[in-house]
Amino acid sequence: MATTDTNKFQSIISHCKEYGFVFPSSEIYDGLQAVYDYGQWGSELKKNIKDYWWRSMTQLQDNIVGIDAAIFMHPTTWKASGHVDGFNDPMIDNKDSKKRYRVDHLIESHTDQLKADGKEAEADAIISQMEKADAAGDLAALKQIIDDNKIKCGISGTANWTDIRQFNLMFSTEFGSTVSSEDENNKVYLRPETAQGIFVNFLNVQKTGRMKIPFGIAQIGKAFRNEIVARQFIFRMREFEQMEMQFFIKPGTQKEWYEYWKQARLKWHLELGVPQTEYRFHDHVKLAHYADAACDIEYNFPMGFKELEGIHSRTDFDLRNHQEYSKKKLQYFDNDIDPETGKPVGNYIPYVIETSIGLDRMFLSMICAAYTEEDLGTPEKPDSRVVLKFPAKLAPIKLAVFPLTKKDGLPEIAQEIMTAHRGDFKCFYEEKDTIGKRYRRMDALGVPFCITVDHQTKEDNTVTVRYRDTMQQERIHIDQIGDLVKKAIQ
RNA sequence: GCGGAAGUAGCUCACCUGGUAGAGCGGCAGCUUCCCAAGCUGCAGGUAGCGGGUUCGAGUCCCGUCUUCCGCUCCA
């Protein structure tokens, strides 16, 4: 990361705290690692992003509906999804090289070497030993295998290992008020992704909504991941929010729908006015266990291009597994006529294209794109401002209303304007300090429009509107204020 | 988890080799009536992250701990 970008990122983090966007969680108790709270303006911005996504992904779509599934799900959900077994890797550190290994990788690289040396039987014995210990969750036995075989670190060449630690992706808790935490049967997880809430409700929605393939189910909600290292402000948090849409399609059509959603989602981002150069696709080479194609939409954050949204072709992996574990058919009867047979296509488990965007990352990208330090200095007088150039529809506050002075009836007129518009969009009233100071304070919060009531207002009902980005002013009639703002935020 | 750096007012920072904490900005109350911050007056706000130790005395030295940042490591 370049120094200037590091500084910019630091400035953005400070700005977020100072102006009520994002606070460290539980700050009075020294904070909680990788957990953050959204403040008075951050929560408005976040809500506006959610609304923008929800509207474009449900209201403006013929065939996509939304749900709000619970965070707690039946524990078997996570067996079926692969999260219990797939992301429970025992890890070990070499104390000399400080290198961390997945234990299974470490042992396998040792047995690969044995095989290369022609010691097949010995290698197979170690592997079966490892698999047995792994299945039993016996970390001590795994460590014993490493010790017994004098497995060394490839970098330091030593066998100076830490104890084996289990890294669990999912947070768990106990269900019921009187259960013992020892009882595995009562263990429930906090969902690590919202998608499974959609999959388990696939038939409910399809049947009650009389949905026909292709159709989608959208959801916004919290998810929880016990990241090994969670850092970089709100980019990687342990508690975060996802905006996901699972699009159910006929098997065999996944390629075209994958392309469709790739383009549709990029377009959604670009419509917010951030230059295209700030976004790029990153195709996954190594695919997750459930995908047959996957890519990220990356945003050019101050710390570089990083994943903002993922578009995955998930095949029928999830529905097929849920069908297997639940022993309930999760199939769709397709009434469309197959041109080859002249008969309905019939039953199948749909394929799925997933679009999954991190709400908190979207929030961060919008802050980063909006954050601007401007030098307004002249030879006579140095001057600068910090302005958040949010798209008006996302701005936490849409309109600020100022009386030019605190007397002569100006505050009363300004309050009337407040009353007229606060029901339609978020307004902010301010009568303290010089008008210039008030404008600049609103710039720091990203308020797109400021209205100033002056003495002329009393004569002809006109006010000054001042635009955030250009700092230009113009006189408009009081009756035009509502339309001006609504047009910008529609 | 490892290594490095840091933690003093809401923010940015100062207090040099230990002697009971200071500035600017910001905030609040006024003045000014002024359409783009940094005019004037006054006020509020800190048990120096927390805990322990050394010392007559610790923000300052030592240890521990928590948090943050940078670099590794992991990232479905």
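Letters go in sequence order (proteins before strands), and every chain restarts at 1. Heavy atoms only: backbone and side chains are in, while hydrogens, waters and symmetry mates are out. Since the structure is predicted, the reported quantities are computational estimates derived from the model, not experimental observations.
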>> Let's see if you can work this out: which of B/rU12, B/rC34, B/rG10 has an atom nearest to the side-chain heavy atoms of A/Ser14?
In response: B/rU12

> Nearest to the side chain of A/Asp454, which nucleotide is it out of B/rC11, B/rC35, B/rA37?
Replying inline: B/rC35

>> From CD of A/Gln196 over to C1' of B/rA76, roughly how many Å is that when rounded to an integer?
In response: 12 Å

What interatomic distance, in whole Å, is found between [atom1] of [M] and the corresponding atom of [N]?
N	M	atom1	answer
B/rU20	B/rA48	C1'	13 Å
B/rA6	B/rG64	P	16 Å
B/rG46	B/rA21	C1'	8 Å
B/rU8	B/rU47	P	13 Å
B/rU55	B/rC63	C1'	16 Å
B/rC2	B/rG59	C1'	29 Å
B/rC70	B/rU12	P	15 Å
B/rU32	B/rA14	P	39 Å

For [Y], does the six-membered ring have the charged nitrogen or CZ of [X] within the cation-pi criterion, i.e. under 6.0 angstrom from the centroid and within 45° of the normal?
X	Y	answer
A/Arg265	A/Trp261	no
A/Lys262	A/Phe281	yes
A/Arg361	A/Phe235	yes

> Would you say a side-chain N or O of A/Lys17 is under 4.0 Å from OP1 or OP2 of B/rC11?
Replying inline: yes

> Do you know which two heavy atoms are closest between A/Gly216 and A/Met245, and how far apart they sit?
Replying inline: CA-SD, 4.0 Å

>> Taking donor-acceptor contacts at under 3.5 Å, does the side chain of A/Arg236 reach the base of B/rC75?
In response: yes

> Only one of A/Glu307, A/Glu298, A/Glu309 forms a salt bridge (Lys or Arg N to Asp or Glu O under 4.0 Å) with A/Arg280, so which one is it?
Replying inline: A/Glu298

> If you measure from CD1 on A/Ile435 to CZ on A/Arg466, what distance do you get to the nearest 0.5 Å?
Replying inline: 9.5 Å

Would you tabulate the nitrogen or oxygen pairs shorter than 3.5 Å linking the protein to nucleotides 27-29 of chain B?
unit_1 : atom_1 : unit_2   : atom_2 : d
B/rG27 : OP1    : A/Arg441 : NH1    : 2.5

